[in-house]
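As structure tokens, the structure follows; a few thoughts come after it.
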Amino acid sequence: MRSLAKKQLEFGLRFLVLIAAFIPVRVFASDWGMGASNSRLSQPYVFAPVSTPAYAIDTLAWFVISICAGIALVVGSLIAYSIVRFRAREGDDGSEPPQVYGSNPMELAWTAVPVLIVFVLILTTARTIYTVQAATPPPGALKVRVIGHQWWWEVRYPGLGIVTANEIHVPVSDGDNPAPTFLELESADVAHSFWVPRLAGKTDLIPNRKNTMWIAPHQSGTYLGQCAEFCGTEHALMLLRVVVQSRADWERWVAMQQKPAEESLAASRGRRIFESTACVNCHMVRGTIANGHFGPDLTHLMSRETLAAGAAMNTPENLHIWIKDPDQIKPGVLMPAMNLSAADIDAITSYLESLR
Amino acid sequence: MATEIALGELQSTAPLPMLGRLHEWVITVDHKRLGLMYIGGGLLFFVIAGLQALTMRLQLAVPDNHVVSPQVFNRLMTMHGTAMVFLVGMPILTGFFNYLVPLMIGARDLAFPRLNSFGFWLWFFGALLLYFSYIGGDGLYGAGSAPDVGWFAYAPLTERAFSRGNSTDYWILSILLTSVGSTATAINIIATTFSLRCRGMTLGKMPVLVWLAVVVAFMMLLALPPLSAAQVMLLLDRYLGAHFFDTQAGGSAILWQHFFWIFGHPEVYILVIPVFAFASEIIPVFSRKVIFGYQVMVAASCAIAFISMGVWAHHMFAVGLTPAGNAFFATSTMLVAVPTGIKIFNWIGTMWGGKLRFRVPMLFSLGFLFQFLVAGLTGIMLGVAPFDWQLTDTYFVVAHFHYVLVGAIVFMIFAAIYYWFPKATGRMLNERLGQWHFWLFLVGFHLTFDPLHFAGLHGMPRRIYTYQPGRGLEGINLIASIGALVQALAVLIFVVNVGYSLAGGEEAGPDPWDAWTLEWSTTSPPPEYNYAKEPEVHSRRPLWDLKHPEDPDWLYE
Ligand SMILES: [Cu+2]
């Protein structure tokens, strides 16, 4: 009997080793430059808030966590104490311990105390709900429309005539210059969820419905986020960056985005090919015949750090690979490989690179 | 008791041929056999869905991994979730109730044995249908195979525009069938407990387990119809051009969420109240003390069941409810903590002053107590709506509900298996292998699910097939994957233990744990008719009265 168990254990261990050997399978081990880029940025950590609603949540969260930790400590110790103290000892006489059927005062005590705790929690929770949700945009607040697509973010600045994707630029909001940004969230297809942990909690983007949320970031920097509601094949690579800039920098960015696409003689061959390919049915380059809406606006593609909702860094090599076969970077993506010749792809790539 | 054993020997003992024995199991209407078939089927799918989870953990062990494609991963996570709820949790728990309720109330079977068998076979074929989707899901479109929309299948991802082929249809039909099966069981349990209790067993003398079985049965009756209704509406959308959830034609995506969670939240309690029931039988026996606060325990369970019907939108804090809506559901959610706390305190009260025996069922129960405590507390954090805006749909939620589903429910299911296996088979499970199983499972569980809380806090959403390096997620995920392997090893030991003990385990005898409820008064395994003579009880612990005639329970109840 012992030897059988031992054999089974041995078998189990072999199985474990076999499976462990699978872990480092990384066939196309490219992260398209994202690892290096991410490590240069702050991690999207819930407890490192830099924006007003995120601060409010953070304060409430630590309050709740400390209460829960206290309860865990007290109740956990009670359980541990009863395990140690009331274990059957060696040489026990086998008699049954005294039977206690219950105690109403005890029941009352451990009902009343939790009720009180819950009461406090409910009040603090309700207060934070209202401070975050009931905020209304002050006059002149920046409004941004974010429209979720399978698997990228369309970003529109209604008052400013800007359309971009996946990277949202907003001004910093400091004590002297409060500048909250209000986001209008919609979806073009299925449900998504907007989440940049350091800036605010998440809000869903739901088709046939307009949701709103707001941020008021106090520190400039680039903040990572991503779609948090399962939305199909590439849900994992529907990433998001919010770039918080000083007011002056942000205004320069706005001015640059408002310009039409730049003409570049060197890229005219690429432009011809781009415009005679199905690219234009899906992509918009303002001021040209490319006026598709299915994919991201490419007018100022080069002003973005990443490609395809943060799946790859925006480098000429990655762009080339993307146009040749988007699946290689983002398997299952809704942009087709167009079977273009290498020369055509080079030409299109240099055209896209001229879209600063 | 002597007469029972004599009658048992009267039964034919000539071994039937293999096919004949199989036939006997297929046509059986015996609650014990059906119960065992539920549990056995559930355990089979537990292994399958567990291996699917293991595959996901291999994929997530390192960033940018390529063990499986995104499409395969999304099928894995959908099948894992759906199977663990409808093909594992539900059948194992209904299986236990099927097996135990008649025995514990001194009845010969459930009130409607044929309905019982009907329910089982509905469940069984519904379950097969779900996995058959791997073969049949391609449909005429060649798109998709197994369902890949997530276990709560949010609209409009399930509409024809986004989910071609038949995979989603298999998901719908499978859940419809298994829920009808569960409804049948629920009706049966209610009818049985209300009409077939033995002499002397008033409602107030039913074991806690039976009480909770009734509570769960009522919850099933209330919670499953909205789910079935939603599934039918979705089918209408997909095949008859209805537009309930079709947002492109003016349907509502949120409507699906309400329907689903009106079922989905009570479902959590439908799964967890049965394991409260197990704990309320096992902890007293291994503490050698009567359950502390019987009435309060039952009342608290009813309160949990009642409140849990009104908390569903706490799964939807991020969909843009009004502040008042959010505050309401945050309040109801936190209220559940009160009766839940009462239960934990009463279990501690039961152990207090006892003589604790750390056999395997008790070890698993103690694991359950600690883990359920933590799960409850992270649940409170999630109930705080603003905190939930950060936590929802992240790995924090994944960690939280696995603390409930694995740390509490699976642990208690193992406790129950170790505890009642001797009754059902006549043989003890091996104690030494059981200890290995427990400790490895405990270590594996904590290696996997403790770090995952932090993955969520570090910005990792759930249901992603990969994550990029440089975001602080590498270490957390590697540890979690190693933990998954340890858990798998523990389950392997369990499987070995079952096989080994079935073949050559120690003889159990009728009452190996020196326990107190009626089922331990008959033989192990019990004869088909359970009791030769209808038992008569005078208290909640009839066997205690028998063993301690000088100090019977009914003096104090
Ligand atoms: Cu999304």
Side-chain angles (χ1 to χ4, degrees), chain A residues 5 8 12 16 22-23 25 27 31 34-35 38-39 43-46 57 60-61 64 68 72 75 78-79 82 86-88 96-97 99 101-102 107 110-111 114-115 118 121-122 125-126 128-130 132-134 190-191 193 197 201-204 206-208 211 228-230 233 236 331-332, chain B residues 58 61 64 66-67 70 150 154 156-157 162 247 253 288-290 292-293 296 318-320 323 326-327 330-331 334 337-338 341 345 348 351-357 369 373 377 380-381 384-387 389-390 393 457-459 461 463-466 468-472 485 489 492 496 556:
Chain A
Q8 303 290 2
L16 192 78
F22 270 96
I23 292 186
V25 180
V27 184
D31 67 358
M34 293 311 300
N38 290 336
S39 353
Q43 292 178 358
Y45 185 42
V46 166
I57 295 175
L60 176 64
V64 177
C68 289
V75 182
L78 279 177
I79 302 176
S82 20
F86 300 114
R87 66 185 194 278
E96 302 286 23
Q99 303 293 306
Y101 294 82
E107 302 286 357
W110 60 50
T111 310
V115 166
V118 162
L121 281 176
I122 289 170
T125 300
T128 311
I129 292 177
Y130 278 92
V132 174
Q133 270 196 295
V190 301
S193 191
K202 55 183 85 60
T203 306
D204 294 351
I206 293 166
N208 249 348
N211 274 338
E229 185 66 80
F230 180 69
T233 314
Chain B
L58 291 183
D64 279 322
H66 290 267
V67 174
Y154 270 6
L157 201 57
F162 303 104
T247 46
R288 308 308 306 155
K289 273 186 66 208
V290 65
F292 192 91
V296 181
V319 303
N326 282 331
T331 304
M334 279 184 251
V338 176
F345 286 122
I348 299 177
M351 298 196 296
W352 203 266
K355 289 184 179 174
L356 273 54
R357 299 182 183 171
L369 271 187
L373 172 67
L377 293 171
I380 290 185
M381 296 178 199
V384 173
F387 198 10
W389 293 330
Q390 289 284 18
D393 272 322
L457 295 172
H458 275 275
R463 305 176 155 187
I464 55 176
Y465 74 89
T466 192
Q468 289 174 346
R471 294 180 48 170
L485 285 171
L489 184 65
L492 188 73
V496 169
Y556 309 96

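All chains are named by letter (A, B, ...) in the order of the sequence lines, taking the proteins before the strands, and each is independently numbered beginning at 1.
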Original post:
With chain A, which of B/A327, B/G472, B/G354, B/A385 has the greatest number of heavy-atom pairs at distances under 4.5 Å?
Top reply: B/G354
Subject >> A/I129 portion near chain B, given a 4.5 angstrom heavy-atom threshold >> reply: both
Original post:
What's the shortest heavy-atom distance between A/T125 and B/A330, and which atoms?
Top reply: CG2-CB, 4.1 Å
Original post:
For A/V132, is it the side chain, the backbone, both, or neither that has a heavy atom closer than 4.5 Å to a heavy atom of chain B?
Top reply: side chain
Subject >> Contacting moiety of B/L157, where chain A heavy atoms sit under 4.5 Å >> reply: both
Original post:
What distance separates A/I79 CD1 from B/F345 CZ, expressed to the nearest 0.5 Å?
Top reply: 9.0 Å
**OP:** Count the heavy-atom pairs under 4.5 Å between each of A/L78, A/L121, A/I206, A/V190 and chain B, then report the option with the highest count.
**Re:** A/V190
Subject >> Nearest non-hydrogen partners of A/A236 and B/T466, listed with the distance >> reply: CB-O, 3.7 Å
Original post:
With chain B, which of A/Q99, A/R87, A/Q43 has the greatest number of heavy-atom pairs at distances under 4.5 Å?
Top reply: A/Q99
Original post:
Among A/V75, A/T203, A/V115, A/T128, which residue forms the greatest number of heavy-atom pairs with chain B at distances under 4.5 Å?
Top reply: A/V75
Original post:
Which atoms of A/L60 come close to chain B, meaning under 4.5 Å heavy atom to heavy atom: side chain ones, backbone ones, both, or neither?
Top reply: side chain
Original post:
Of the listed residues (B/I348, B/V338, B/L457), which shares the most heavy-atom pairs with chain A below a 4.5 Å separation?
Top reply: B/L457
Original post:
If you count heavy-atom pairs under 4.5 Å with chain A, which of B/G293, B/P386, B/P70 comes out on top?
Top reply: B/P386
**OP:** Please check if the side chain of A/N38 supplies one atom and the backbone of B/P469 the other of a donor-acceptor pair under 3.5 Å.
**Re:** yes
Subject >> Residue selection (most heavy-atom pairs with chain B, distance under 4.5 Å) from A/S39, A/S193, A/A191 >> reply: A/S39
**OP:** Step by step, work out the side chain to side chain contact (heavy atoms under 4.5 Å, CB included) result for B/W389 and A/Q133.
**Re:** CA-CA 11 Å; B/W389 293 330; A/Q133 270 196 295; 3.8 Å; yes
Original post:
Counting heavy-atom pairs under 4.5 Å to chain A, which of B/P461, B/A318, B/A253, B/P156 comes out on top?
Top reply: B/A318
**OP:** Search all heavy atoms of B/K355 against all heavy atoms of A/P97 and return the closest pair with its distance.
**Re:** N-CG, 4.0 Å
**OP:** Quick one: closest heavy-atom pair of B/P323 and A/Y130, and the distance?
**Re:** CB-CE2, 3.5 Å
Original post:
chain A: which of B/L369, B/L356, B/V296 shares the most heavy-atom pairs with it under 4.5 Å?
Top reply: B/L356
Subject >> Which atom of A/P197 lies closest to which atom of B/Q390, heavy atoms considered >> reply: O-NE2, 2.9 Å
Subject >> Rounded distance (nearest 0.5 Å) linking atom CG of A/D31 with atom CG of B/D64 >> reply: 5.5 Å
Subject >> Contacting region of A/V64 [heavy-atom separation from chain B under 4.5 Å] >> reply: side chain
Subject >> Where A/A72 and B/L377 come nearest, the two heavy atoms and their spacing >> reply: CB-CD1, 3.5 Å
Original post:
Given that the side chain runs from C-beta out, which part of B/Y154 has a heavy atom under 4.5 Å from chain A: side chain, backbone, both or neither?
Top reply: side chain
